[in-house]
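We're numbering straight along the sequence, starting at 1. Counting starts at 1 for both ligands and their atoms, in listed order.
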Amino acid sequence: MKPDMSASVSFFLLELLIVIVTINISFCNGSSYVGCIESDRQALLTFKHDLTDRSNRLASWLGDGDCCEWNGVVCNNHTGHVIKLNLQSRWESDADYEAYERSLLVGKINPSLFNLKNLIHLDLNSNKFEGMISPQLGNLTNLQYLDLSNNPELHVENLVWMYGASLLKHLDLSGVDLSRASEWLLNINSLSSLVYLRLSNCQLPPFSRIQIANFSSLTTLDLSDNPFYNSFIPSWVFGLNHLGSLDLSFDYFQGPIPNGLGNLTSLKHLDLSFNFFNSSIPTWLSRFSSLEYLFLGFNNLQGRIPRSFRKLCNLRSICISYVNLSQNMSEILEIFSECVADRLEYLDLSHNHFFGPLTDQLGQFKNLETLDLHENSIIGPIPTSLGKLSSIKDLVFSFNKLNGTLSQNHFANLTRLTSFDVSENLLTLKVNHDWVPPFQLSSLILRSCHVGPHFPAWLRSQKSLSNLDMSNAKISDVIPNWLWKSLSQFTSLNLSHNQIHGEIPHLADQRDIDLLDLSSNKLSGLLPPISFDVNALYLSNNALSGSISQFLCFGMNNSKTTEILNLENNFFSGELPNCWMNWQYLHVLNLMNNEFVGSLPTSIGILSSLQLLILRKNSLSGVIPFVSLENCTNLETLDAAENHFVGYVPTWIGERFSSMKILNLRSNKFHGHLPVELCRLASLQILDLAYNNLSGSIPRCISNFNAMVTVDHSESNGLNYFGNKTGIQFLLHELLVRKGIEYEYSTILNLVRIIDLSKNNFSGEIPREVTSFTALQSLNLSHNSLTGRIPENIGAMGEIESIDFSSNQLSGEIPQSITSLAYLSYLNLSNNNLIGKIPSGTQIQTFDATNFVGNDLCGSPLTKNCTVTIETPEDENGGGKDGNEHEVDWFFVSMAFGFVVGFWGLIGPLIINERW
Ligand SMILES: *[C@@H]1O[C@H](CO)[C@@H](O)[C@H](O)[C@H]1NC(C)=O
Ligand SMILES: *[C@@H]1O[C@H](CO)[C@@H](O)[C@H](O)[C@H]1NC(C)=O
Ligand SMILES: *[C@@H]1O[C@H](CO)[C@@H](O)[C@H](O)[C@H]1NC(C)=O
Ligand SMILES: *[C@@H]1O[C@H](CO)[C@@H](O)[C@H](O)[C@H]1NC(C)=O
Ligand SMILES: *[C@@H]1O[C@H](CO)[C@@H](O)[C@H](O)[C@H]1NC(C)=O
Ligand SMILES: *[C@@H]1O[C@H](CO)[C@@H](O)[C@H](O)[C@H]1NC(C)=O
Ligand SMILES: *[C@@H]1O[C@H](CO)[C@@H](O)[C@H](O)[C@H]1NC(C)=O
């Protein structure tokens, strides 16, 4: 009995217990339950204590409250343990950036976090956690989901702790610095449950040698944006045959696209772009029947898109841009119209060698939102079936050879079009005057299309248009009033290189715009005040006239944000107003070729950001108020040539303008000595002081002009100036005299090295230091009073093409070393006191004799023979053998010479003055 009795009692107790537990559980499931565990709450509070939480996201994390109710905390309903921590920050597209910044949690991850032993899910994505990730993370042995991505200040020593977190299914450490975790792959290879692995932008060290990945259940692998220089895709990737998504972009992988990838037939998303893959596009890709996203752009691929791609019926996005494919467009349209035509959303085939015409099949892509075919060789007309692309938003056809006419039929159903670029083709746009387009564009680029002669009236319907480039579009019309009135809708408006005439109206209060380019038109009349800010204002090459004081002095109490002001080549006249105080953001001020008179106002010295000041070809006079310019320390180019300025070259110029690259004071009335301080302009590339009244000797310290010694040929571009705020570019063009002819240099200006001190009263010797200028291309010291000998070592100026020492009092013989100047194609030594034989051996004998007259010289090309001393060739060259070699050298030298003459003489001047 007793045992029975006790058994039934214990049974009863057990039953009671079950009831209690059940009650308890249902109680828990209701509004309140066991609540949070004290140790978990303490851990969370300690964790919070180390953080800066500017937006008070963790306001609920307080004192002795129920931590399971805290923001971002999830507990197990039965045990009360914290199992999830969701503290990621989200960027809402409509949120303002500052609010987002404030919402980020900042600080160290306190190790107390690792006391939350029951944590299954930890998401700290996109904050500013910093410091080392503690190996104690491995103590969270229940963790299945770990996302620490996008915390740029986080790094790890190694990933050995991964062994502890062996249940992980989802691991995202993107943006965390793993550069020290050399065994990262071995460590991760212990995570056999892994389904999702993202290590993008982790500065991952090279792969360790594993053959087979233990994490074979992986469906997502993203190793993009890591520096795997000179390596191949490792073979363990090929065994991940559950992969649905593979991203290996920006990884510096090389070699062919490996065939091993052909096993990953479940892939929906494949991104191999921005690598150095150099094969053709593999045909096995056509077995990937689920493929939706295919990104292969920016590689060295060749060949064509395989015809078998017609079987890929699930494709939505294709990017095969910036590779080297070559194929007929009609074939491509055929391939993709087989079964994806009404599915494809995104197609970017830009910057390849695709050729041939577009066909009517274009109209089948009813779902296409983006079509980018720019920079190919596509010819012929755009088919009217374009008008059927009823989903298209973004169309880019620029830089092809398309021709024919675009009519309103081409746009019939393009109701969603927002961005259209057909620039740099041979297209004509012809629509009815009263056409009302079905779209509302935000960006329209019709550069070099035939749009004119009338200004398109339909543009008036485009209320959201903010970027319009209709330059070089054969418009000879006035700008309609409605456009002037709606200027503020634009951030960028370029109507340059047309025949637009009429006057600029007074532009009343509007919003600021970044770029207003009306240059190279026929605008006339006065420049009215503009009461809003234009960051880059181009009005050059028009017929605007009168004083600019209304424009410049308007709204004196508001400072302008203008960074680039280009008024070159108009008929502006009168004095420069003393109103520069409000223009202190100017980086570029170009007033060249106008009719300005009077002196430079002192307020110009306020322009402390100024990098480029061009006053050339006006009638400005007086002294340049260099003292006012003392704060313009960013000045890189000062071109005051062809004015009537007087005065000295100031001594502090070298100290203040230490970035100066071009100093051009040509054709003024400067006098006095060249101060030695000038020599501090180590970056000087072009020094033109010709046609002034400068005197004294040429300082020997010019050897400090370092830029004259070396030239970086990889920087074969023009001198560009960028607005700091908008990044809008100004490409300088500069008039320079070489070989007695004025050329305009622009796109190669950065390579040009010239010194021109001609037509002054310089005396003394030519400093032999000039011979160290091994990058100098042109040296003109003519029409001075220089004496002494031509520097013996002149043959060291290896790049020199043009030397003019004519009309001085130079004496002695012409140094023999001059014959080693391989590129010399112009040499004028006439009207000096030179004596002796003209050195022979190179092209010097081909120069015109007039370049040597007015001396006591003899020998070819002069007709006067050198009869006095006859040296045998053996004596001169030290043996017949050398003489032979000399002849051989001469042959190559003359070839090089021919090339250089061709380059500078023909191509150089052609590459001029185009911002195109
Ligand atoms: C825990 O309880 C809450 C509130 O009743 C409920 O929304 C949640 O789904 C439950 N969670 C689990 C893991 O059962
Ligand atoms: C937690 O991690 C540290 C460092 O890895 C280790 O020394 C410690 O034994 C771990 N504690 C537990 C309870 O696993
Ligand atoms: C690809 O798949 C084939 C057939 O399933 C298999 O024999 C081969 O080993 C796989 N290749 C790789 C690299 O995994
Ligand atoms: C425009 O779209 C409508 C509706 O999708 C269709 O009925 C019409 O035929 C289309 N017009 C053209 C020219 O494609
Ligand atoms: C378009 O260019 C092709 C050659 O590319 C030429 O045959 C054709 O005549 C041109 N058509 C027009 C309208 O200019
Ligand atoms: C342009 O901006 C950069 C960074 O904002 C600054 O360092 C530089 O000095 C600015 N340049 C000028 C000329 O103002
Ligand atoms: C140059 O800057 C200094 C210091 O800001 C100022 O005192 C001086 O007046 C400025 N000079 C000119 C000419 O603006």
- prompt: Can we say D469 and R447 salt-bridge, meaning some charged N sits less than 4.0 Å from an Asp/Glu carboxylate O?
  reply: yes
message: If the threshold is 4.0 Å, N to carboxylate O, is there a salt bridge linking R616 and E568?
response: no
task: Kindly state if atom 7 (O) of ligand 5 has a protein heavy atom within a strict 4.0 Å cut-off, that is, under 4.0 Å?
output: no
query: How about H454: does its NE2 atom have over 12 heavy atoms from other parts shown lying under 6.0 Å from it?
result: no
message: Suppose I only count heavy atoms of N403 and a 4.0 Å limit; which atoms of ligand 5 are within that range?
response: 1 (C), 2 (O), 3 (C), 8 (C), 10 (C), 11 (N), 12 (C), 14 (O)
message: I'd like to check atom 2 (O) of ligand 5 in this structure: does the protein have a heavy atom lying under 4.0 Å from it?
response: yes
task: Would you please test E338 and K311 for salt bridge (charged side-chain N to carboxylate O under 4.0 Å, His left out) and show each step?
output: CA-CA 8 Å; E338 178 82 8; K311 290 188 264 175; over 6 Å; no
